[in-house]
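Below, chain A is the first sequence line, B the second, and so on; all start at residue 1. Side-chain atoms are counted along with the backbone in the values below, which use heavy atoms only and exclude waters and symmetry mates.
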Amino acid sequence: MAFEFSFTPEQRLFRRATRAFMRTQIEPNLPQDDWTGHGGDSPLDLLRRIQAQGIFSIPIPRELGGAGMGEIEYCIAMEEVSAVDASLGTVLGAHTGIGVAPLYLFGNEEQRERYVRPVGEGKHLTAFALTEPTAGSDAASIKTKAVRDGSDYLLSGTKIWCSNGNFADTLVVFAVTDETLGAHGGVTAFIVEKDMDGFGIGTIEDKLGIRHSNTAELHFDQCRVPRENVLGNVGEGFIVALTALDGGRVGLAAATVGSTKRLLEQCVHRSKVRERFGRPIIKNQSIQWMLADMAIDIHHAEYAVYHAAQLVNDYYHKIAAGQPVPRSLREKVSRAAAATKVFSSEMAGRAGEAAIKIFGADGLRWRNKVERGFRDQVITEIYEGTNEIQRLIIARELEQQGGVI
Amino acid sequence: MALKVLIPVTGAYHGRLRVRRSTGELDAEGLERILSEPSNRAISLAKQLVSHGATLTAVHVDKGAGEEVLREALSHGLDQGILIEGAATYESDASTRAATIADVYRQHGPFDAVIGPARSEFAGFSGALAAVAGRLELPCVVGVRSVAPEEDGFRIGYTSIFGDYDLRIPRPCVILAGDIEPSYPTAWGIHDAYQKRGILRVQADQYAVQKSLTHRQRIELVKDEKRASETLDGATLIRRLRSRNLIPEAAPAGEVDA
């Protein structure tokens, strides 16, 4: 039987349409300078236009107003959006990969109708709030508390590094409901609306890269959340978080593939027009090798991304349908997501360094595309689980499986 | 009264076109057929009538991979599609294509307007839709940028070298789209085009036109050595395609080449 690994006509059309839209309608209108305001402001007018194209509604079923597509199409969108601007890719990833995914996968019918449908119809944006000042990679150490008060919960604490946090309509927030039980059993996921009493926005971070993606500090001061806004079961918040992060990592990997493909296009063009010693620098073997290495990396990363995306697709279908998920599938998804995220983000790092060499001094010029891409890439090795944590996940698996993958 | 609009659409090759050095023929092997840009603009124009309750039907005379072209047309939010299959033998014959489209108009109509592309994939002005107007004895206008229903006709805006004009045209009529902002299909539209919308498939020989054409009327390719040697020059071909906006300009930094 054939090993089929190709995009469907529908997926090819979606890529072409998204690319054309992003490059003709969004790219020319992007702010030229990402170094203004408090850490750069997300261009909300452009985000609304992307939203109107259905790009923020991709994996939500048609019955809930969404585009009825899946993880493959989500990765295609991440590629094409990030090829134009990594910050916009981050907004899309924070919204779709980790914001909406848990709402749809773990939400009951009422919650899906109330919170997922407006996203499907292109009206709402979402965010995911897990990280805290004392709990980053060590997410199990979160301190934000949720205390029962009648039929409600009162949330108290601070979240940091929340992408989209200052403009999201709906946020998935993780809080400790039972300190004695630890991460597995003691953490619960809550759906928080932006207008709920006790919820406030703090500092918008001033960052090195992805400056068009807002990263907010969030304050919960006795924030009253109704009991029906518990997402999934009480005490199972960590499962919600880890499940969303698996899919999110694959989306991020797709984003780096998209931005690196674009970088390669720019590098090839640049090396064809930049002449030294009387000939284009692309005629020099040293440059050819850099370009070839970028292409080799992209080739591998692209296959890894779409293989992992297919696994996540199957995994999420089972969860959404309430079917039992075999442990083997869950482990396979986690390992594939971790491996793909590590490889793709580090590929983007290597490509960024090569691009600066190919562009010469121009590559270092403040606010040029290569320089901005170089700054934007750094975070990909850190967010949604640092690459060091991903390696731990893979190594733990290897230990358990006796090295057989 | 709900308006009904028929939109004849054409395909185009997507990707890098090559010319075979040995024969001078265009090498399109492995290239996707996609909706042509002039057809996209025609759809964009026709969509101006959606807010007035218009039903939009695309028709495509297939010359291979036609379903993909038609589904792409549907992804822009059109209501239905008609695919004329088995028509490859007269792909370059504008008169026969016009007769086929006119038959679709008669059999699936009545339509209030035929809105289509003014340009074909490789040539300049597409004569097929003007010929449709001729066969159906309908008024025809070229280069339209806006359209809205008005009493028993349409108010249309178009740009000529003498300036911008607003005109009234009675319905039914044939309208050829000018250079207006293209339409971009949404994720919802793409999903529905593949998963929800049905396509009506019709064999070309179900229409009377093929029988009515005599051998004298058929157009055939003439092998002209001089002409062939001229078209051997791939750069010239690419330049001509670019001058007609059929493939993108040479890529600036970071852009994808043709």
Side-chain angles (χ1 to χ4, degrees), chain A residues 7-27 49-62 65-70 73-74 76-77 83-84 120-122 261-274 359 362 368-370 373, chain B residues 9 11-16 30-37 39-41 43-44 64-78 81 83 179-197 199 245 247-258:
Chain A
F7 294 109
T8 64
E10 182 180 350
Q11 288 161 347
R12 288 200 300 270
L13 170 58
F14 179 64
R15 183 186 290 280
R16 246 186 324 105
T18 307
R19 180 176 297 189
F21 172 77
M22 288 302 300
R23 296 193 185 191
T24 61
Q25 303 298 302
I26 301 299
E27 189 162 32
R49 289 178 67 181
I50 298 170
Q51 195 176 25
Q53 284 299 114
I55 293 170
F56 283 85
S57 310
I58 292 166
I60 299 169
R62 206 69 184 91
M69 295 175 167
E73 290 84 354
Y74 166 55
I76 290 171
V84 164
E121 292 172 349
K261 278 182 183 174
R262 192 77 189 278
L263 193 61
L264 179 59
E265 289 171 22
Q266 290 166 338
C267 287
V268 169
H269 181 265
R270 172 75 177 184
S271 53
K272 282 166 86 172
V273 298
R274 186 178 176 213
F359 272 69
D362 281 346
N368 108 349
K369 278 187 179 177
V370 173
Chain B
V9 295
Y13 291 111
H14 177 61
R16 190 183 290 272
L31 293 183
E32 268 185 286
R33 290 288 288 171
I34 64 169
L35 187 71
S36 72
E37 193 179 311
S39 298
N40 182 321
R41 293 178 196 277
I43 289 170
S44 189
E67 181 175 339
E68 301 312 323
V69 174
L70 195 55
R71 291 218 182 266
E72 184 173 346
L74 291 174
S75 74
H76 290 262
L78 309 193
L83 183 63
D179 287 335
I180 63 172
E181 183 72 18
S183 163
Y184 296 93
T186 65
W188 298 290
I190 292 169
H191 173 272
D192 289 355
Y194 279 88
Q195 309 297 337
K196 281 191 169 181
R197 301 260 187 274
I199 284 180
N245 288 328
I247 56 174
E249 289 296 320
E255 295 297 327
V256 184
D257 203 348

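Nearest heavy-atom pair, A:Phe14 versus B:Ala187, reported as atom, atom and distance to 0.1 Å: CE1-CB, 3.9 Å. A:Arg12 and B:Glu32 get closest at one heavy-atom pair: NE-OE2, 3.0 Å.
Side chain of B:Trp188 to backbone of A:Glu121: no donor-acceptor contact under 3.5 angstrom is found.
If you measure heavy-atom distances from A:Gln25 to chain B, the contacts under 4.5 Å come from the side chain alone. Proximity to chain A (any heavy atom under 4.5 Å) is shown, for B:Glu67, by neither the backbone nor the side chain. In this structure, the portion of A:Ala52 lying under 4.5 Å from any heavy atom of chain B is its backbone and not its side chain.
No side-chain N or O of B:Tyr184 forms a donor-acceptor pair with one of A:Gln53 less than 3.5 Å apart.
Electrostatic pairing of A:Arg16 and B:Glu72 counts as a salt bridge here, judged by a charged N lying under 4.0 Å from a carboxylate O.
For the pair B:Asp192/A:Arg62, a side-chain contact is recorded, criterion being any heavy-atom separation below 4.5 Å from C-beta on. Looking only at side-chain heavy atoms (C-beta outward), B:Arg71 and A:Glu10 stay at 4.5 Å or farther from each other.
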Verdict with reasoning, A:Met69 to B:Ile190, per side-chain contact (heavy atoms from CB on, under 4.5 Å): CA-CA 9 Å; A:Met69 295 175 167; B:Ile190 292 169; 3.9 Å; yes
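Looking only at heavy-atom pairs under 4.5 Å with chain B, the residue among A:Ala20, A:Ala67, A:Gly54 that has the most is A:Ala67.
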